[in-house]
Amino acid sequence: MLKLYNSLAREKQAFVPIEPGRVRMYVCGMTVYDYCHLGHARVLVVFDMITRWLKASGFEVTYVRNVTDIDDKIIKRANENGEPYTALTQRFIDAMHADGAALGVQAPDHEPRATEYVGKMLDMIRALIERGLAYPAPNGDVYYAVGKFATYGQLSGKSLDDLRAGERVEVDPYKRDPLDFVLWKAAKPGEPAWPSPWGDGRPGWHIECSAMGSDLLGRHFDIHGGGQDLQFPHHENEIAQSEGAHGCKFVNYWLHNGFVRVDDEKMSKSLGNFFTIREVLAKYDPEVVRFFILRAHYRSPLNYSDQHLDDAKAALTRLYTALRGIAAPAVAIDWHEPYAASFKAAMDDDFGTPEALAVLFDLAAELNKGGEPKQAGLLKALAGVLGLLERAPEAFLQGGGEEGDYSAERIEVLIQERLAARKAKDFSRSDAIRDELKAAGIVLEDGPQGTLWRRE
RNA sequence: GGCGCGGUAGCAAAGCGGUUAUGCAGAGGAUUGCAAAUCCUUCCAGGGCGGUUCGACUCCGCCCCGCGCCUCCA
């Protein structure tokens with residue numbers, strides 16, 4: 001039985017889908033005005049892992065991850081670059097897809113873009129006004145009247161009074177309550193705009209997810225996810241909009257992943273302490289990055305540093321090393337088999353990937369003691385559920401690092417030369433060859449089946 | 001100020017009221033021409049103070065420290 005931590009209830013709960021056997025999940029994706037950083041990588045990988053586990057558990061999953069392709073920062077960046085905002089967003093959507101694919105992230109079933117849903121958003125805003133939950137202001141903006149939504153604050157555990165006490169934003173004079181948020185933003189001259197009953201403008205940020213979620217998954221669906229920083233105000237406002245406009249429960253389970261940190265501080269655009277996925281992939285194998293992310297529990301903070309990536313690489317190397325030289329058969333997982341059962345128990349407990357990975361290491365140790373090929377198949381199958389160990393071991397072990405002056409062919413030639421030297425008991429020559437390769441980051445390992453090599 | 005999360009061995013990171021987490025690093029041994037990989041053995045824990053309990057890293061309270069949200073943010 002899958003249990004997951006529901007931010008709305010602030011506790012782990014048994015997962016019961018609305019429709020038996022089916023899961024409908026929405027995750028807030030990226031605002032596309034720059035390259036994705038590691039924090040974005042975490043959202044991509046974590047919810048990919050969650051989707052894979054739901055599917056492995058037998059659910060049919062509909063996974064929606066949106067793209068915010070219109071907002072202030074996009075307009076600003078496009079103006080700075082002197083290009084149409086659509087050119088900017090398309091470029092970074094393409095980059096995001098490339099980064100995600102590198103990290104082994106499967107494409108969501110739907111990837112709606114905000115600009116495609118302006119009509120649906122206007123419908124919702126209209127409904128909110130009719131229900132007395134929103135009001136147009138004289139400046140052409142439309143605001144949500146937070147005080148009219150009785151349960152506002154349910155997700156973030158904040159009361160309106162507390163929020164007012166902590167208010168530190170300049171108050172918009174057109175808002176009836178400083179905490180009211182914008183649904184529709186009047187366009188300034190020259191800005192991208194769509195026609196509306198309240199004048200030309202563009203949607204506020206929060207309304208897009210309400211509109212896209214209900215359109216693709218229905219007004220009431222199972223899981224809504226995103227980074228912890230979206231819990232308030234974004235997700236709180238989504239609830240107010242969706243439940244306000246539709247008059248029914250919006251989402252049953254809210255999932256929030258923890259931050260990636262640098263020097264114990266949140267990695268973020270505003271702090272400027274971020275590393276893009278591409279920067280990291282220039283130094284580390286994408287699977288190492290994926291492993292690094294899954295090695296921590298999805299709700300825990302994850303500190304980024306080269307040392308931690310090096311650790312992840314060493315750990316992943318151990319798994320691939322265990323599989324080396326074994327013809328692993330394709331195995332259909334029997335979830336009653338002891339290792340598989342432990343793995344499942346870990347994953348069913350709020351997606352406990354650290355413990356699930358520990359099971360893989362136990363299996364690898366078993367394999368190293370002379371286990372059967374079937375166990376190698378099981379190791380690959382279980383790891384595959386997490387999107388790991390899907391390559392041939394040699395491809396991982398020999399693929400890392402820079403090729404430099406040593407191609408695989410050149411290394412083979414040197415190995416043969418060393419072999420001949422060893423046969424002739426010319427150990428100084430054979431050691432010289434190994435030292436030469438070692439200096440280039442290539443390790444030789446003599447075994448019963450001959451000499452194997454890998455890049456460090 | 002309000003609300004919330006966390007402090008585990010050298011580093012990273014989990015579960016668990018009593019039994020080896022796991023990976024890397026360290027020590028000893030096996031193996032190896034030498035190595036590497038692997039195996040065996042082993043060292044190193046649970047911020048502080050109280051409480052509950054036969055027994056707490058695990059539950060409760062207080063304190064200290066760190067972090068997050070309350071403003072765009074994954």
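Naming: A, B, ... by sequence-line order, numbering from 1 per chain.
- Side-chain contact check for A/D431 and A/S428: no donor-acceptor pair (N or O, by modelled atom type) lies under 3.5 Å.
- Atom CD of A/E436 is separated from atom P of B/rC34 by 23 Å (rounded to the nearest Å).
- Atom C1' of nucleotide B/rA36 and atom CG of A/L444 are separated by 9 Å, given to the nearest angstrom.
- Counting to the nearest Å, the P atom of B/rA37 and the CG atom of A/L437 are 16 Å from each other.
- For B/rG1, the base has no donor-acceptor partner in the side chain of A/D162 [N/O atoms by modelled type, under 3.5 angstrom].
- The same atom, C1', is picked in B/rU31 and in B/rC40; the two are 11 Å apart, to the nearest Å.
- Shown here, B/rG66 forms a base pair with B/rC5; the pair counts as Watson-Crick or G-U wobble because both key distances fall under 3.5 Å.
- Residues A/M347 and A/L382 are not in side-chain contact: their nearest non-hydrogen atoms beyond the backbone lie 4.5 Å or more apart.
- Rounded to the nearest Å, the gap between the C1' atom of B/rC57 and that of B/rA13 is 15 Å.
- Rounding to whole angstrom units, CD of residue A/Q228 and P of B/rG68 are separated by 11 Å.
- The residue A/H37 sits close to a base: some heavy atom pair falls under 4.0 Å.
- Counting heavy atoms from C-beta outward, A/D109 and A/V64 have side chains that stay 4.5 Å or more apart.
- Each of B/rA14, B/rA37, B/rC39 was ranked by its minimum atom distance to the side chain of A/R324; first place goes to B/rA37.
- Taking only side-chain atoms of A/K158, from C-beta outward, the nucleotide of B/rC11, B/rU38, B/rG2 with the closest atom is B/rG2.
- Ring centroid separation for the pair A/H235 and A/H206 does not come in under the 6.0 Å cut-off.
- Of all nucleotides present, only B/rU41 satisfies the Watson-Crick or G-U wobble test against B/rA27, with each distance under 3.5 Å.
- Proximity note for A/A296 (side chain, C-beta onward) versus B/rC40, B/rC70, B/rA14: the nearest is B/rA14.
- Rounded to the nearest Å, the gap between the P atom of B/rU41 and that of B/rU53 is 40 Å.
- Residue side chain A/R434 reaches the base of B/rA35 through a donor-acceptor N/O pair under 3.5 Å, judged by distance alone.
- Annotation: A/K269, atom NZ; neighbour count of heavy atoms from other residues, nucleotides and ligands within 6.0 Å is above 12.
- Taking atom P in both B/rA37 and B/rA12, one finds a spacing of 23 Å when rounded to whole Å.
- Whole-Å rounding puts the A/R299 CZ to B/rA14 P distance at 10 Å.
- With both pairing distances under 3.5 Å, B/rG50 is matched to B/rC60 as a Watson-Crick or G-U wobble pair.
- Rounded to whole angstrom, the span from the CZ atom of A/F292 across to the P atom of B/rA13 amounts to 8 Å.
- You'll find that the side chain of A/L163 is closest to B/rC70, out of B/rC34, B/rC70, B/rU38.
- A side-chain donor from one of A/E436 and A/Y406 sits under 3.5 Å from a side-chain acceptor of the other.
- Here the separation of B/rC44 from B/rG28, taken at their C1' atoms, is 16 Å to the nearest Å.
- Checked against the 6.0 Å centroid threshold, A/Y5 and A/Y253 do not count as a close aromatic pair.
- In this structure, A/T321 reaches the sugar-phosphate backbone alone: every heavy-atom distance under 4.0 Å involves primed, P, OP1 or OP2 atoms, never a base.
- A cation-pi contact links A/K158 to A/F232, judged by a cut-off of 6.0 Å to the six-membered ring centre and 45° from its axis.
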Per-nucleotide protein contact string for nucleotides 21-32 of chain B (B base, S sugar-phosphate only, - none; heavy atom under 4.0 Å): BSBS--------

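- For the residue pair A/D69 and A/T115, a side-chain donor N or O sits within less than 3.5 Å of a side-chain acceptor on the partner.
- Contact annotation for A/R418: base contact, defined as any heavy-atom pair under 4.0 Å involving a base atom.
- To the nearest whole angstrom, the two P atoms, one in B/rG7 and one in B/rG46, are 14 Å apart.
- In the model, A/N303 has a side-chain atom that pairs as donor or acceptor with a side-chain atom of A/D264 under 3.5 Å.
- The nucleotide B/rC72 finds no pairing partner, because no Watson-Crick or G-U wobble arrangement with both distances shorter than 3.5 Å includes it.
- The distance between atom NZ of A/K266 and atom C1' of B/rG6, rounded to the nearest whole Å, is 17 Å.
- Only the C1' atoms considered, B/rU20 is 14 Å distant from B/rA14, to the nearest whole Å.
- The side-chain heavy atoms of A/L103 and A/L281, taken from C-beta on, include a pair separated by under 4.5 Å.
- The cationic atom of A/R261 (NZ for Lys, CZ for Arg) does not lie both less than 6.0 Å from the six-membered ring centre of A/F259 and within 45° of the ring axis.
- Of the side-chain N and O atoms in A/S300, one or more sit less than 4.0 angstrom from OP1 or OP2 of B/rA14.
- Near RNA chain B, meaning a heavy atom under 4.0 Å away, the residues from residues 147-156 of chain A are A/S156.
- Between A/Y320 and A/E287, the side chains place a donor N or O and an acceptor N or O closer than 3.5 Å (distance only, hydrogens not considered).
- With a cut-off of 3.5 Å on both pairing distances, B/rU20 has no Watson-Crick or G-U wobble partner at all.
- With both ends at atom P, the span from B/rU71 to B/rC62 equals 28 Å, rounded to whole Å.
- Across the protein-nucleic acid pair, A/F181 atom CZ and B/rC70 atom P stand 15 Å apart, rounded to whole Å.
- Taken residue by residue, residues 257-264 of chain A places heavy atoms nearer than 4.0 Å to RNA chain B at A/N257, A/G258, A/F259, A/V260, A/R261, A/D264.
- Neither side chain, A/Q228 nor A/N257, offers a donor N or O lying under 3.5 Å from an acceptor on the other.
- Taking the six-membered ring where the residue is Trp, the centroids of A/F92 and A/Y35 are separated by under 6.0 Å.
- When each of A/L302 and A/D431 is assigned the nucleotide of RNA chain B bearing its nearest heavy atom, the one mapping closer to the 5' terminus is A/L302.
- A/G39 comes within 4.0 angstrom of a nucleotide base, judged by non-hydrogen atoms across all strands.
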